[in-house]
Protein chains: 2
Amino acid sequence: MSDTVPPRLLGISTYVLARVGRTGRARMAAMLRERGLTLWDLAVLTALDDSPPASQRALARRFAIDPSDLVDVMARLLEAGLIRRDRDPADRRRYLITLTKRGRAELDHATTQAADLDKTLLAPLSPEERTHFTSMLHRLHTHHAERGITP
Amino acid sequence: MSDTVPPRLLGISTYVLARVGRTGRARMAAMLRERGLTLWDLAVLTALDDSPPASQRALARRFAIDPSDLVDVMARLLEAGLIRRDRDPADRRRYLITLTKRGRAELDHATTQAADLDKTLLAPLSPEERTHFTSMLHRLHTHHAERGITP
DNA sequence: CCTTTTCGTGGGCAATGACCAACGATAGGC
DNA sequence: GCCTATCGTTGGTCATTGCCCACGAAAAGG
């Protein structure tokens with residue numbers, strides 16, 4: 001089982017961070033896949049949750065994603081009945097995207113499941129460490145904020 | 001500038017972790033690219049550093065990478081004169097891969113550069129927090145160790 | 001009106017990563 | 001001496017990701 005990570009790599013915090021983050025992301029994707037969702041789907045749902053009905057263009061801008069790449073996401077969410085898509089009466093080019101009841105329920109479910117995932121991911125830490133860790137993590141995140149959401 | 005990450009996403013530590021790790025990985029790749037190296041190249045160099053001369057097969061097993069995908073890496077490192085590749089006299093099918101002087105120098109350079117990267121990445125943390133953070137990070141890593149190296 | 005811009009959409013392209021089949025050269029079992 | 005397995009290598013496939021161009025519908029500015 002020579003599956004050992006070379007010590008010099010382990011000495012690079014950036015590497016370890018990236019690696020742990022990668023497995024976390026993979027688990028999250030797997031968790032969502034069981035409900036037929038992708039990471040982008042979840043991102044869109046969360047964005048719709050905390051903002052007034054948005055157009056696809058606005059979502060794309062917010063996520064720094066190409067608008068054309070949003071099309072499939074919207075189609076999937078629409079098909080699943082998680083969002084509603086009405087023409088904006090004020091500007092009939094745009095859509096107004098809103099969360100449906102089912103969409104909000106699905107989002108809530110995903111959120112609690114993500115919380116569970118967080119718990120297992122941070123399991124090796126003590127409760128106080130957990131809060132300290134996430135606090136530091138948030139500081140790193142806001143400090144190195146980059147354009148986009150990149151689920 | 002509605003480039004804001006939805007708060008519900010920020011509530012998911014796994015998400016934040018993955019995101020920070022992603023930008024870290026990207027910066028590391030960019031840093032290596034300036035020296036003509038890839039993340040896999042660095043991984044191979046570090047592996048050669050802490051182990052006796054290995055065959056490509058052994059490296060592939062250790063990294064859980066397909067042997068055929070290692071070929072390009074070896075070619076690049078060989079071309080750059082960072083490794084030496086001799087036939088194993090005991091088994092002329094295998095190669096014996098060793099770090100050259102230049103290879104070790106390049107590895108040292110990359111390591112110190114990575115340390116700098118770590119410093120900028122963890123800049124928002126106080127020195128004590130930094131050590132605590134990396135300690136927790138290592139615990140998470142060893143606990144959730146997965147097969148492979150996945151640069 | 002007529003021109004220009006914006007919105008959603010379709011198409012495709014290049015880079016990436018993981019994976020697999022098969023080959024020549026070599027070694028090992030017997 | 002044969003047969004089988006292993007090593008490095010070639011040359012693919014397949015899915016994912018980000019990016020870019022062009023279109024029709026609709027709006028906005030003259």
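Quick note on labels: first sequence line is chain A, next is B, and so on, each numbered from 1.
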Peer 1: For B:Arg139, does the CZ atom have more than 12 heavy-atom neighbours from other residues, nucleotides or ligands under 6.0 Å away?
Peer 2: yes

Peer 1: Please list residues of residues 83-92 of chain A whose heavy atoms come under 4.0 Å from any atom in DNA chain D, ordered by number; otherwise none.
Peer 2: A:Asp91, A:Arg92

Peer 1: Can you measure A:Asp72 atom CG to D:dG18 atom C1' for me and round it to whole angstrom units?
Peer 2: 13 Å

Peer 1: Enumerate all atom pairs, one protein N or O and one N or O from nucleotides 11-16 of chain D, separated by less than 3.5 Å.
Peer 2:
{"from": "D:dG11", "atom 1": "O6", "to": "B:Ser68", "atom 2": "OG", "distance (Å)": "3.4"}

Peer 1: Are B:Arg85 and B:Gln56 close enough that a side-chain donor and a side-chain acceptor fall under 3.5 Å?
Peer 2: yes

Peer 1: What's the separation between atom OG in A:Ser51 and atom CZ in A:Arg62, rounded to the nearest 0.5 Å?
Peer 2: 4.0 Å

Peer 1: Whether A:Asp108 and B:Arg8 form a salt bridge (side-chain N of Lys/Arg under 4.0 Å from carboxylate O of Asp/Glu) is what I want to check.
Peer 2: yes

Peer 1: Can you tell me the distance, in whole Å, between the CZ atom of B:Arg94 and the C1' atom of C:dT26?
Peer 2: 11 Å

Peer 1: When rounded to the nearest 0.5 angstrom, what is the spacing between CG in A:Asp41 and CD in A:Glu106?
Peer 2: 10.0 Å

Peer 1: Look up atom CG in B:Leu9 and atom OG1 in A:Thr46, then write down how far apart they are to the nearest 0.5 Å.
Peer 2: 3.5 Å

Peer 1: Could you state the atom-to-atom distance from CG of B:Leu78 to C1' of D:dG8 in whole Å?
Peer 2: 13 Å

Peer 1: Less than 6.0 angstrom from the centroid, inside 45 degrees of the normal: does A:Arg87 satisfy that with respect to the ring of A:Tyr95?
Peer 2: yes

Peer 1: Expressed in angstrom and rounded to an integer, what is the separation of A:Leu70 atom CG from D:dC19 atom C1'?
Peer 2: 14 Å

Peer 1: For B:Arg33, what residues pass the salt bridge (Lys or Arg N to Asp or Glu O under 4.0 Å) criterion, not counting sequence neighbours?
Peer 2: none

Peer 1: Check every atom of D:dG18, C:dT9, D:dT9 against the side chain of B:Arg22 and return the nucleotide holding the closest atom.
Peer 2: D:dG18

Peer 1: Is the distance from OP1 or OP2 of C:dA27 to the nearest side-chain N or O of B:Arg93 less than 4.0 Å?
Peer 2: no

Peer 1: Distance check needed: D:dT17 P versus A:Asp41 CG, whole Å only.
Peer 2: 11 Å

Peer 1: For the atom pair CG (A:Leu99) and CD1 (A:Ile83), what is the distance rounded to the nearest 0.5 Å?
Peer 2: 8.0 Å

Peer 1: For B:Tyr95 and C:dA27, give me the distance from atom OH to atom P, rounded to whole Å.
Peer 2: 13 Å

Peer 1: Could you check how far CZ of A:Arg61 sits from P of D:dG18, rounded to whole Å?
Peer 2: 19 Å

Peer 1: Would you mind reading off the distance between A:Phe63 atom CZ and D:dG18 atom P, rounded to a whole angstrom?
Peer 2: 13 Å

Peer 1: Once hydrogens and angles are ignored, does a donor-acceptor distance under 3.5 Å link the base of C:dG8 to the side chain of A:Arg57?
Peer 2: yes

